[in-house]
Amino acid sequence: MAASGNPEVKLLGIWFSPFVLRARIALNLKEVQYEFLEEQLGTKSELLLESNPVYKKMPVLIHDGKPVCESLIIVQYIDEVWAGSGTTLMPTDAYERAIHRFWTVYVDDKLYSSFLDSIMRYRTDEAKAEAEEQTVAALQLLEEAFDKISKGKPFFGGDTIGYLDIALGCFLGWIRAAEINGLKLLDHARTPLLCAWAEKFYNNEAVRAVIPDTMKLAEFTKVLRSSYQNRVPPTK
Amino acid sequence: MVASYEVRLFGMWASPAVRRVEWALQLKGIEYEYIEEDLSNKSSSLLEYNPINKQVPVLVHDGKPIVESLVILEYIDETWKDKPILPVDPHERAKARFWATFVDVKCREEARKAFHMEGEEKENSIENLQVQLKALDEELEGKKFFSGDHIGYTDLVVGWMAFWLGVAEEAAGFKANHEAKFPHFARWIKDFLQEPVIKENLPPREKTVEFFCAFRQLGGCGKMNQK
(Lines give C-alpha, C1' and ligand atoms only; values in the text may rest on other atoms or scores of the structure.)
Protein backbone atom coordinates (compact mmCIF):
# COMPACT_ATOMS: atom_id res chain seq x y z
CA MET A 1 0.00 0.00 0.00
CA ALA A 2 3.01 2.32 0.22
CA ALA A 3 3.39 5.21 -2.19
CA SER A 4 6.81 3.96 -3.08
CA GLY A 5 6.81 0.22 -3.24
CA ASN A 6 7.37 -2.45 -5.82
CA PRO A 7 8.93 -0.79 -8.88
CA GLU A 8 7.59 -3.61 -11.10
CA VAL A 9 4.10 -2.26 -10.51
CA LYS A 10 3.50 1.43 -11.14
CA LEU A 11 0.27 3.34 -11.25
CA LEU A 12 0.00 6.70 -12.97
CA GLY A 13 -2.72 8.75 -11.34
CA ILE A 14 -3.90 11.92 -9.69
CA TRP A 15 -5.42 12.50 -6.26
CA PHE A 16 -8.96 13.44 -7.23
CA SER A 17 -9.74 10.96 -9.99
CA PRO A 18 -12.38 8.35 -9.09
CA PHE A 19 -11.09 6.20 -11.95
CA VAL A 20 -7.58 6.18 -10.50
CA LEU A 21 -9.17 5.32 -7.16
CA ARG A 22 -10.66 2.16 -8.66
CA ALA A 23 -7.18 0.91 -9.50
CA ARG A 24 -5.77 1.87 -6.09
CA ILE A 25 -8.56 0.14 -4.19
CA ALA A 26 -8.14 -2.99 -6.31
CA LEU A 27 -4.37 -3.04 -5.74
CA ASN A 28 -4.91 -2.65 -2.00
CA LEU A 29 -7.53 -5.40 -1.83
CA LYS A 30 -5.18 -7.74 -3.67
CA GLU A 31 -2.34 -6.69 -1.34
CA VAL A 32 -0.14 -5.64 -4.24
CA GLN A 33 2.73 -3.27 -3.52
CA TYR A 34 3.05 -0.56 -6.11
CA GLU A 35 4.67 2.76 -6.85
CA PHE A 36 2.17 5.61 -7.23
CA LEU A 37 3.34 8.18 -9.75
CA GLU A 38 1.29 11.30 -9.30
CA GLU A 39 0.62 13.42 -12.36
CA GLN A 40 0.29 17.18 -12.07
CA LEU A 41 -2.98 18.82 -13.03
CA GLY A 42 -2.71 20.57 -16.37
CA THR A 43 0.32 18.69 -17.68
CA LYS A 44 0.84 15.18 -18.97
CA SER A 45 4.13 13.44 -18.26
CA GLU A 46 6.20 11.72 -20.94
CA LEU A 47 5.48 8.41 -19.29
CA LEU A 48 1.74 8.97 -19.48
CA LEU A 49 1.86 10.00 -23.14
CA GLU A 50 4.04 7.00 -23.96
CA SER A 51 2.03 4.43 -22.07
CA ASN A 52 -1.41 5.64 -23.10
CA PRO A 53 -0.94 7.24 -26.52
CA VAL A 54 -4.55 6.63 -27.57
CA TYR A 55 -6.32 8.42 -24.72
CA LYS A 56 -3.47 10.15 -22.83
CA LYS A 57 -5.52 9.62 -19.66
CA MET A 58 -5.16 8.17 -16.19
CA PRO A 59 -5.13 5.68 -14.63
CA VAL A 60 -2.43 3.65 -16.35
CA LEU A 61 -1.06 0.57 -14.65
CA ILE A 62 2.45 -0.37 -15.73
CA HIS A 63 3.33 -3.95 -14.83
CA ASP A 64 6.78 -5.26 -15.77
CA GLY A 65 7.03 -2.39 -18.23
CA LYS A 66 3.74 -3.18 -19.98
CA PRO A 67 0.89 -0.64 -19.75
CA VAL A 68 -2.75 -1.45 -19.00
CA CYS A 69 -5.27 1.35 -19.60
CA GLU A 70 -8.89 2.07 -18.65
CA SER A 71 -9.90 1.76 -15.00
CA LEU A 72 -12.28 -1.20 -15.23
CA ILE A 73 -9.90 -3.09 -17.51
CA ILE A 74 -7.15 -2.43 -14.95
CA VAL A 75 -9.32 -3.77 -12.10
CA GLN A 76 -10.03 -6.99 -14.03
CA TYR A 77 -6.35 -7.31 -14.93
CA ILE A 78 -5.31 -6.93 -11.27
CA ASP A 79 -7.86 -9.57 -10.25
CA GLU A 80 -6.60 -11.99 -12.91
CA VAL A 81 -2.86 -11.51 -12.43
CA TRP A 82 -2.87 -11.60 -8.63
CA ALA A 83 -5.55 -14.26 -8.45
CA GLY A 84 -4.05 -16.01 -5.46
CA SER A 85 -3.60 -12.89 -3.36
CA GLY A 86 -5.99 -10.88 -1.19
CA THR A 87 -9.73 -11.13 -1.89
CA THR A 88 -11.32 -12.07 -5.20
CA LEU A 89 -12.91 -9.12 -6.96
CA MET A 90 -14.96 -10.69 -9.77
CA PRO A 91 -17.71 -13.17 -8.85
CA THR A 92 -16.85 -16.77 -9.65
CA ASP A 93 -20.15 -17.51 -11.38
CA ALA A 94 -20.33 -16.41 -15.03
CA TYR A 95 -23.89 -15.11 -14.74
CA GLU A 96 -23.07 -13.06 -11.65
CA ARG A 97 -20.06 -11.66 -13.49
CA ALA A 98 -22.38 -10.62 -16.32
CA ILE A 99 -24.63 -8.85 -13.80
CA HIS A 100 -21.69 -6.97 -12.28
CA ARG A 101 -20.43 -6.01 -15.73
CA PHE A 102 -23.86 -4.83 -16.86
CA TRP A 103 -24.16 -2.51 -13.87
CA THR A 104 -20.65 -1.13 -14.26
CA VAL A 105 -21.56 -0.17 -17.84
CA TYR A 106 -24.67 1.51 -16.40
CA VAL A 107 -22.60 3.34 -13.77
CA ASP A 108 -20.10 4.67 -16.34
CA ASP A 109 -22.74 5.44 -18.94
CA LYS A 110 -25.80 6.78 -17.13
CA LEU A 111 -24.85 7.58 -13.55
CA TYR A 112 -21.51 9.24 -14.27
CA SER A 113 -22.91 11.34 -17.09
CA SER A 114 -25.84 12.73 -15.07
CA PHE A 115 -23.60 13.25 -12.08
CA LEU A 116 -21.06 15.26 -14.08
CA ASP A 117 -23.91 17.33 -15.51
CA SER A 118 -25.15 18.05 -12.01
CA ILE A 119 -21.82 19.20 -10.57
CA MET A 120 -19.92 20.58 -13.51
CA ARG A 121 -21.57 20.75 -16.90
CA TYR A 122 -24.95 22.36 -16.14
CA ARG A 123 -25.57 25.83 -17.64
CA THR A 124 -28.76 26.83 -15.87
CA ASP A 125 -30.39 26.12 -12.52
CA GLU A 126 -33.07 24.10 -14.30
CA ALA A 127 -30.45 21.99 -16.01
CA LYS A 128 -28.76 21.44 -12.66
CA ALA A 129 -32.00 20.34 -11.02
CA GLU A 130 -32.78 18.00 -13.90
CA ALA A 131 -29.31 16.45 -13.76
CA GLU A 132 -29.68 16.02 -10.00
CA GLU A 133 -33.01 14.22 -10.55
CA GLN A 134 -31.47 11.93 -13.16
CA THR A 135 -28.59 11.11 -10.84
CA VAL A 136 -31.02 10.30 -8.05
CA ALA A 137 -33.05 8.11 -10.44
CA ALA A 138 -29.89 6.23 -11.42
CA LEU A 139 -28.99 5.74 -7.75
CA GLN A 140 -32.52 4.47 -7.15
CA LEU A 141 -32.03 1.77 -9.79
CA LEU A 142 -28.70 0.88 -8.21
CA GLU A 143 -30.44 0.64 -4.82
CA GLU A 144 -32.82 -1.96 -6.29
CA ALA A 145 -29.91 -3.72 -7.96
CA PHE A 146 -28.06 -3.82 -4.65
CA ASP A 147 -31.05 -5.44 -2.99
CA LYS A 148 -31.11 -8.23 -5.59
CA ILE A 149 -27.38 -8.72 -6.03
CA SER A 150 -26.11 -8.52 -2.43
CA LYS A 151 -28.69 -11.04 -1.14
CA GLY A 152 -28.52 -9.54 2.32
CA LYS A 153 -24.74 -9.32 2.43
CA PRO A 154 -22.81 -6.07 2.97
CA PHE A 155 -21.47 -5.59 -0.57
CA PHE A 156 -22.46 -6.14 -4.21
CA GLY A 157 -19.63 -8.67 -4.11
CA GLY A 158 -21.10 -10.42 -1.06
CA ASP A 159 -19.02 -10.57 2.10
CA THR A 160 -16.12 -8.71 0.52
CA ILE A 161 -15.77 -5.75 -1.83
CA GLY A 162 -16.17 -6.80 -5.45
CA TYR A 163 -15.90 -5.39 -8.96
CA LEU A 164 -19.21 -3.51 -8.92
CA ASP A 165 -18.54 -2.14 -5.42
CA ILE A 166 -15.29 -0.65 -6.70
CA ALA A 167 -16.88 0.67 -9.90
CA LEU A 168 -19.58 2.53 -7.97
CA GLY A 169 -17.79 3.17 -4.69
CA CYS A 170 -15.03 5.23 -6.32
CA PHE A 171 -17.62 8.01 -6.77
CA LEU A 172 -18.63 8.14 -3.10
CA GLY A 173 -16.13 10.85 -2.18
CA TRP A 174 -17.42 12.98 -5.06
CA ILE A 175 -21.03 12.26 -4.09
CA ARG A 176 -20.35 13.36 -0.53
CA ALA A 177 -18.57 16.46 -1.81
CA ALA A 178 -21.58 17.27 -4.01
CA GLU A 179 -23.86 16.86 -0.99
CA ILE A 180 -21.70 19.31 0.96
CA ASN A 181 -22.17 21.69 -1.96
CA GLY A 182 -25.96 21.37 -1.66
CA LEU A 183 -27.10 18.43 -3.80
CA LYS A 184 -29.26 15.68 -2.32
CA LEU A 185 -28.17 12.36 -3.77
CA LEU A 186 -27.94 9.43 -1.36
CA ASP A 187 -30.75 9.53 1.15
CA HIS A 188 -31.70 7.28 4.07
CA ALA A 189 -35.34 7.33 3.03
CA ARG A 190 -34.88 6.66 -0.69
CA THR A 191 -31.63 4.68 -0.81
CA PRO A 192 -31.15 3.15 2.66
CA LEU A 193 -29.27 0.09 1.42
CA LEU A 194 -26.79 2.19 -0.53
CA CYS A 195 -26.30 4.47 2.48
CA ALA A 196 -25.42 1.47 4.64
CA TRP A 197 -23.23 0.09 1.87
CA ALA A 198 -21.44 3.44 1.51
CA GLU A 199 -20.51 3.45 5.21
CA LYS A 200 -19.07 -0.04 5.02
CA PHE A 201 -17.22 0.74 1.81
CA TYR A 202 -15.70 3.93 3.24
CA ASN A 203 -14.61 2.16 6.39
CA ASN A 204 -12.84 -0.64 4.60
CA GLU A 205 -9.09 -0.40 5.16
CA ALA A 206 -8.24 -0.73 1.47
CA VAL A 207 -10.48 2.22 0.67
CA ARG A 208 -9.80 4.46 3.65
CA ALA A 209 -6.11 4.49 2.85
CA VAL A 210 -6.62 6.13 -0.53
CA ILE A 211 -9.96 7.94 -0.65
CA PRO A 212 -9.43 11.70 -1.05
CA ASP A 213 -10.55 14.16 1.62
CA THR A 214 -14.21 15.15 1.11
CA MET A 215 -13.75 18.86 1.93
CA LYS A 216 -10.83 19.06 -0.45
CA LEU A 217 -13.00 17.47 -3.15
CA ALA A 218 -15.87 19.87 -2.40
CA GLU A 219 -13.56 22.84 -2.98
CA PHE A 220 -12.01 21.22 -6.01
CA THR A 221 -15.43 20.65 -7.58
CA LYS A 222 -15.95 24.41 -7.69
CA VAL A 223 -12.57 24.87 -9.40
CA LEU A 224 -13.39 22.16 -11.91
CA ARG A 225 -16.76 23.72 -12.70
CA SER A 226 -15.44 27.20 -13.40
CA SER A 227 -12.59 25.79 -15.46
CA TYR A 228 -15.09 23.72 -17.48
CA GLN A 229 -17.45 26.66 -18.00
CA ASN A 230 -14.54 28.74 -19.29
CA ARG A 231 -13.11 26.03 -21.49
CA VAL A 232 -16.19 24.56 -23.10
CA PRO A 233 -18.63 26.75 -25.03
CA PRO A 234 -22.33 25.95 -24.54
CA THR A 235 -23.67 23.60 -27.23
CA LYS A 236 -26.44 24.89 -29.48
CA MET B 1 -42.82 -30.22 -32.60
CA VAL B 2 -41.12 -27.04 -31.33
CA ALA B 3 -37.62 -27.60 -30.05
CA SER B 4 -36.92 -25.99 -26.70
CA TYR B 5 -33.74 -24.00 -26.82
CA GLU B 6 -31.77 -23.22 -23.72
CA VAL B 7 -30.16 -20.31 -25.58
CA ARG B 8 -32.32 -17.59 -27.08
CA LEU B 9 -31.19 -14.37 -28.72
CA PHE B 10 -33.43 -11.34 -29.14
CA GLY B 11 -32.16 -9.26 -32.02
CA MET B 12 -32.83 -7.01 -34.96
CA TRP B 13 -31.60 -7.82 -38.46
CA ALA B 14 -29.71 -4.57 -39.14
CA SER B 15 -27.94 -4.37 -35.79
CA PRO B 16 -24.16 -4.91 -35.65
CA ALA B 17 -24.27 -5.49 -31.89
CA VAL B 18 -26.65 -8.39 -32.46
CA ARG B 19 -24.54 -9.86 -35.29
CA ARG B 20 -21.41 -9.91 -33.16
CA VAL B 21 -23.23 -12.07 -30.62
CA GLU B 22 -24.41 -14.38 -33.42
CA TRP B 23 -20.87 -14.63 -34.77
CA ALA B 24 -19.61 -15.67 -31.34
CA LEU B 25 -22.37 -18.25 -30.89
CA GLN B 26 -21.70 -19.70 -34.34
CA LEU B 27 -17.91 -19.72 -33.94
CA LYS B 28 -18.42 -21.83 -30.83
CA GLY B 29 -21.04 -24.06 -32.42
CA ILE B 30 -23.73 -23.10 -29.88
CA GLU B 31 -27.32 -23.77 -30.94
CA TYR B 32 -29.72 -20.96 -30.29
CA GLU B 33 -33.16 -19.67 -31.11
CA TYR B 34 -33.20 -16.27 -32.78
CA ILE B 35 -36.13 -13.96 -32.14
CA GLU B 36 -36.46 -10.90 -34.41
CA GLU B 37 -37.70 -7.81 -32.60
CA ASP B 38 -39.61 -4.94 -34.13
CA LEU B 39 -37.98 -2.08 -32.27
CA SER B 40 -40.91 0.23 -32.97
CA ASN B 41 -43.14 -2.29 -31.23
CA LYS B 42 -41.08 -4.14 -28.66
CA SER B 43 -42.24 -7.49 -27.39
CA SER B 44 -43.25 -7.95 -23.78
CA SER B 45 -40.48 -10.55 -23.50
CA LEU B 46 -37.82 -8.02 -24.49
CA LEU B 47 -39.17 -5.46 -22.04
CA GLU B 48 -39.26 -8.08 -19.31
CA TYR B 49 -35.73 -9.29 -19.97
CA ASN B 50 -34.21 -5.83 -20.45
CA PRO B 51 -36.34 -3.33 -18.54
CA ILE B 52 -33.48 -0.86 -18.02
CA ASN B 53 -32.28 -0.30 -21.59
CA LYS B 54 -35.08 -1.99 -23.57
CA GLN B 55 -32.47 -2.77 -26.24
CA VAL B 56 -31.22 -5.66 -28.30
CA PRO B 57 -29.26 -7.88 -28.18
CA VAL B 58 -30.50 -9.83 -25.19
CA LEU B 59 -29.20 -13.34 -24.67
CA VAL B 60 -31.38 -15.57 -22.53
CA HIS B 61 -29.63 -18.66 -21.20
CA ASP B 62 -31.70 -21.12 -19.18
CA GLY B 63 -34.21 -18.33 -18.61
CA LYS B 64 -31.61 -15.82 -17.37
CA PRO B 65 -31.15 -12.64 -19.42
CA ILE B 66 -27.76 -11.14 -20.24
CA VAL B 67 -27.67 -7.66 -21.71
CA GLU B 68 -25.02 -5.44 -23.42
CA SER B 69 -23.21 -7.10 -26.32
CA LEU B 70 -19.71 -6.89 -24.82
CA VAL B 71 -21.00 -8.38 -21.57
CA ILE B 72 -22.74 -11.11 -23.59
CA LEU B 73 -19.53 -11.95 -25.48
CA GLU B 74 -17.59 -12.42 -22.23
CA TYR B 75 -20.43 -14.50 -20.78
CA ILE B 76 -20.46 -16.74 -23.86
CA ASP B 77 -16.70 -17.22 -23.68
CA GLU B 78 -16.78 -18.08 -19.98
CA THR B 79 -19.75 -20.43 -20.21
CA TRP B 80 -18.82 -22.38 -23.36
CA LYS B 81 -15.11 -22.83 -22.93
CA ASP B 82 -14.47 -24.58 -26.26
CA LYS B 83 -12.88 -22.42 -28.99
CA PRO B 84 -12.10 -19.41 -26.77
CA ILE B 85 -12.48 -15.96 -28.30
CA LEU B 86 -10.62 -14.04 -25.61
CA PRO B 87 -6.89 -14.61 -25.04
CA VAL B 88 -5.69 -16.48 -21.97
CA ASP B 89 -2.88 -14.11 -21.03
CA PRO B 90 -4.16 -11.29 -18.74
CA HIS B 91 -2.21 -8.57 -20.56
CA GLU B 92 -3.55 -9.71 -23.94
CA ARG B 93 -7.06 -9.82 -22.47
CA ALA B 94 -6.61 -6.27 -21.22
CA LYS B 95 -5.56 -5.17 -24.72
CA ALA B 96 -8.53 -6.94 -26.31
CA ARG B 97 -10.93 -5.22 -23.88
CA PHE B 98 -9.18 -1.91 -24.49
CA TRP B 99 -9.76 -2.03 -28.25
CA ALA B 100 -13.32 -3.19 -27.71
CA THR B 101 -14.26 -0.15 -25.65
CA PHE B 102 -12.28 2.08 -28.02
CA VAL B 103 -14.31 1.08 -31.07
CA ASP B 104 -17.59 0.74 -29.25
CA VAL B 105 -17.50 4.01 -27.36
CA LYS B 106 -15.11 6.39 -29.12
CA CYS B 107 -15.25 5.32 -32.77
CA ARG B 108 -18.99 4.72 -32.65
CA GLU B 109 -19.57 8.19 -31.19
CA GLU B 110 -17.61 9.88 -33.99
CA ALA B 111 -19.25 7.74 -36.64
CA ARG B 112 -22.67 8.57 -35.17
CA LYS B 113 -21.92 12.30 -35.33
CA ALA B 114 -20.52 12.09 -38.86
CA PHE B 115 -23.68 10.21 -39.84
CA HIS B 116 -26.25 12.54 -38.29
CA MET B 117 -24.64 15.96 -38.45
CA GLU B 118 -23.81 18.40 -41.19
CA GLY B 119 -21.25 21.06 -41.93
CA GLU B 120 -18.36 21.76 -39.58
CA GLU B 121 -19.46 19.25 -36.94
CA LYS B 122 -19.59 16.53 -39.56
CA GLU B 123 -16.11 17.43 -40.80
CA ASN B 124 -14.70 17.42 -37.26
CA SER B 125 -16.14 14.00 -36.60
CA ILE B 126 -14.72 12.63 -39.83
CA GLU B 127 -11.29 13.94 -38.84
CA ASN B 128 -11.58 12.41 -35.37
CA LEU B 129 -12.69 9.12 -36.87
CA GLN B 130 -9.65 9.11 -39.12
CA VAL B 131 -7.32 9.57 -36.15
CA GLN B 132 -9.04 6.56 -34.61
CA LEU B 133 -8.75 4.55 -37.83
CA LYS B 134 -5.03 5.32 -37.86
CA ALA B 135 -4.67 3.81 -34.39
CA LEU B 136 -6.52 0.69 -35.51
CA ASP B 137 -4.44 0.51 -38.69
CA GLU B 138 -1.20 0.66 -36.69
CA GLU B 139 -2.44 -2.00 -34.28
CA LEU B 140 -2.87 -4.38 -37.22
CA GLU B 141 0.71 -4.06 -38.46
CA GLY B 142 2.26 -7.51 -38.58
CA LYS B 143 -1.02 -9.26 -37.69
CA LYS B 144 -3.64 -10.89 -39.88
CA PHE B 145 -6.42 -10.25 -37.40
CA PHE B 146 -6.58 -8.16 -34.21
CA SER B 147 -6.61 -11.44 -32.29
CA GLY B 148 -3.67 -12.92 -34.24
CA ASP B 149 -3.91 -15.68 -36.85
CA HIS B 150 -7.59 -16.34 -36.21
CA ILE B 151 -10.51 -14.07 -35.52
CA GLY B 152 -11.37 -13.50 -31.88
CA TYR B 153 -13.14 -11.16 -29.52
CA THR B 154 -11.49 -7.97 -30.77
CA ASP B 155 -12.26 -8.76 -34.40
CA LEU B 156 -15.89 -9.50 -33.58
CA VAL B 157 -16.22 -6.19 -31.76
CA VAL B 158 -14.40 -4.12 -34.42
CA GLY B 159 -16.51 -6.04 -36.95
CA TRP B 160 -19.13 -3.28 -37.20
CA MET B 161 -16.51 -1.15 -38.89
CA ALA B 162 -15.92 -3.79 -41.56
CA PHE B 163 -19.47 -3.53 -42.86
CA TRP B 164 -21.72 -1.01 -41.11
CA LEU B 165 -19.23 1.86 -41.29
CA GLY B 166 -19.26 1.57 -45.09
CA VAL B 167 -23.05 1.44 -45.02
CA ALA B 168 -23.20 4.55 -42.84
CA GLU B 169 -20.78 6.36 -45.15
CA GLU B 170 -22.93 5.56 -48.16
CA ALA B 171 -26.20 6.48 -46.46
CA ALA B 172 -24.92 9.77 -45.08
CA GLY B 173 -22.62 10.79 -47.93
CA PHE B 174 -19.24 10.89 -46.24
CA LYS B 175 -15.99 8.98 -46.48
CA ALA B 176 -13.62 8.47 -43.58
CA ASN B 177 -12.18 5.04 -44.21
CA HIS B 178 -9.91 5.56 -47.21
CA GLU B 179 -8.14 2.33 -48.17
CA ALA B 180 -4.99 4.17 -49.19
CA LYS B 181 -4.68 5.87 -45.81
CA PHE B 182 -5.37 2.77 -43.75
CA PRO B 183 -3.99 -0.15 -45.79
CA HIS B 184 -3.70 -2.66 -42.93
CA PHE B 185 -7.25 -1.93 -41.88
CA ALA B 186 -8.47 -2.33 -45.48
CA ARG B 187 -6.70 -5.68 -45.70
CA TRP B 188 -8.21 -6.74 -42.37
CA ILE B 189 -11.71 -5.86 -43.61
CA LYS B 190 -11.26 -8.08 -46.68
CA ASP B 191 -9.95 -11.01 -44.64
CA PHE B 192 -12.57 -10.57 -41.93
CA LEU B 193 -15.51 -10.48 -44.33
CA GLN B 194 -14.27 -13.65 -46.00
CA GLU B 195 -14.32 -15.69 -42.82
CA PRO B 196 -17.17 -18.22 -43.28
CA VAL B 197 -18.99 -17.39 -40.02
CA ILE B 198 -18.94 -13.69 -40.90
CA LYS B 199 -19.68 -13.98 -44.61
CA GLU B 200 -22.72 -16.15 -43.96
CA ASN B 201 -24.05 -13.86 -41.27
CA LEU B 202 -24.31 -10.33 -42.57
CA PRO B 203 -27.45 -8.40 -43.41
CA PRO B 204 -28.12 -7.72 -47.11
CA ARG B 205 -26.17 -4.57 -48.00
CA GLU B 206 -28.77 -2.79 -50.14
CA LYS B 207 -31.48 -3.31 -47.57
CA THR B 208 -29.15 -2.10 -44.78
CA VAL B 209 -28.23 1.06 -46.70
CA GLU B 210 -31.94 1.75 -47.23
CA PHE B 211 -32.58 1.20 -43.56
CA PHE B 212 -29.77 3.57 -42.57
CA CYS B 213 -31.05 6.19 -45.02
CA ALA B 214 -34.54 5.97 -43.54
CA PHE B 215 -33.08 6.11 -40.05
CA ARG B 216 -31.13 9.22 -40.94
CA GLN B 217 -34.28 10.89 -42.28
CA LEU B 218 -35.86 10.49 -38.87
CA GLY B 219 -32.81 12.40 -37.66
CA GLY B 220 -31.61 13.35 -34.18
CA CYS B 221 -33.00 10.30 -32.51
CA GLY B 222 -29.68 9.34 -31.02
CA LYS B 223 -28.50 5.76 -31.01
CA MET B 224 -30.35 2.94 -32.62
CA ASN B 225 -31.96 0.84 -29.92
CA GLN B 226 -29.08 -1.55 -29.81
CA LYS B 227 -25.86 -1.84 -27.88
Side-chain angles (χ1 to χ4, degrees), chain A residues 23 30 51-57 59-83 90-113 137-138 140-142 144-145 148 163-164 235-236, chain B residues 49-53 55 58-81 86-107 109 113 117-121 131-136 138-139 220 223 227:
Chain A
K30 302 299 285 183
S51 44
N52 190 358
V54 174
Y55 293 120
K56 307 177 179 57
K57 283 189 175 170
V60 181
L61 183 79
I62 303 177
H63 181 210
D64 285 341
K66 292 186 291 191
V68 181
C69 307
E70 299 288 278
S71 62
L72 293 178
I73 294 177
I74 292 171
V75 172
Q76 291 182 87
Y77 176 84
I78 291 167
D79 200 35
E80 288 169 13
V81 169
W82 288 282
M90 288 295 273
T92 42
D93 174 71
Y95 187 69
E96 281 176 31
R97 274 206 288 279
I99 301 288
H100 275 235
R101 285 184 176 130
F102 168 78
W103 284 106
T104 60
V105 172
Y106 183 82
V107 165
D108 275 3
D109 201 7
K110 298 284 190 306
L111 176 71
Y112 181 59
S113 183
Q140 199 72 58
L141 278 180
L142 284 157
E144 288 165 26
K148 289 198 193 98
Y163 182 67
L164 179 51
T235 46
K236 278 174 267 202
Chain B
Y49 286 132
N50 189 2
I52 309 242
N53 294 334
Q55 289 168 346
V58 178
L59 188 81
V60 182
H61 181 211
D62 284 343
K64 294 179 294 192
I66 302 109
V67 162
E68 292 290 326
S69 62
L70 297 187
V71 177
I72 296 172
L73 289 182
E74 297 231 22
Y75 176 82
I76 288 171
D77 209 37
E78 289 165 5
T79 306
W80 291 276
K81 298 196 196 295
L86 272 157
V88 170
D89 172 69
H91 192 257
E92 292 300 312
R93 290 162 77 81
K95 273 171 54 179
R97 289 169 175 149
F98 174 85
W99 288 112
T101 49
F102 177 71
V103 301
D104 246 30
V105 178
K106 299 295 178 195
C107 301
E109 181 55 21
K113 290 197 283 202
M117 310 222 164
E118 289 297 339
E120 207 183 309
E121 283 176 283
V131 172
Q132 292 162 346
L133 285 164
K134 188 98 190 92
L136 290 167
E138 282 170 6
E139 177 59 21
K223 302 182 222 187
K227 276 192 104 167

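Since this is a predicted model, take the numbers as computed values, not measurements. Letters A, B, ... mirror the listed sequences (proteins, then strands); counts begin at 1.
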- Got a salt bridge between B/Arg97 and A/Glu80, using NZ or NE/NH1/NH2 to carboxylate O under 4.0 Å? yes
- Query: A/His63 vs A/Trp82 aromatic rings, parallel, tilted or perpendicular, using cut-offs 30° and 60°?
  - Reply: tilted
- Please look at B/Lys106 and chain A and tell me whether the side chain, the backbone, both or neither of the residue comes under 4.5 angstrom of a heavy atom of that chain. side chain
- Interatomic distance, A/Met90 atom CE to A/Ile78 atom CD1 [nearest 0.5 angstrom]: 13.0 Å
- Identify which of B/Ile66, B/Val67, B/Ile52, B/Asp89 forms the greatest number of heavy-atom pairs closer than 4.5 Å to chain A. B/Ile52
- B/Thr79 side chain to B/Ile76 backbone, donor-acceptor under 3.5 Å: no
- Minimal heavy-atom distance between A/Ser113 and A/Asp109, with the atoms involved, is CB-O, 3.1 Å
- Where does A/Arg101 contact chain B at under 4.5 Å (heavy atoms): side chain, backbone, both or neither? both
- Query: In terms of heavy-atom pairs under 4.5 Å, which option from A/Ile74, A/Val54, A/Val68 contacts chain B the most?
  - Reply: A/Val54
- If one checks every heavy atom of A/Leu141 against chain B at 4.5 Å, the contacting part turns out to be side chain
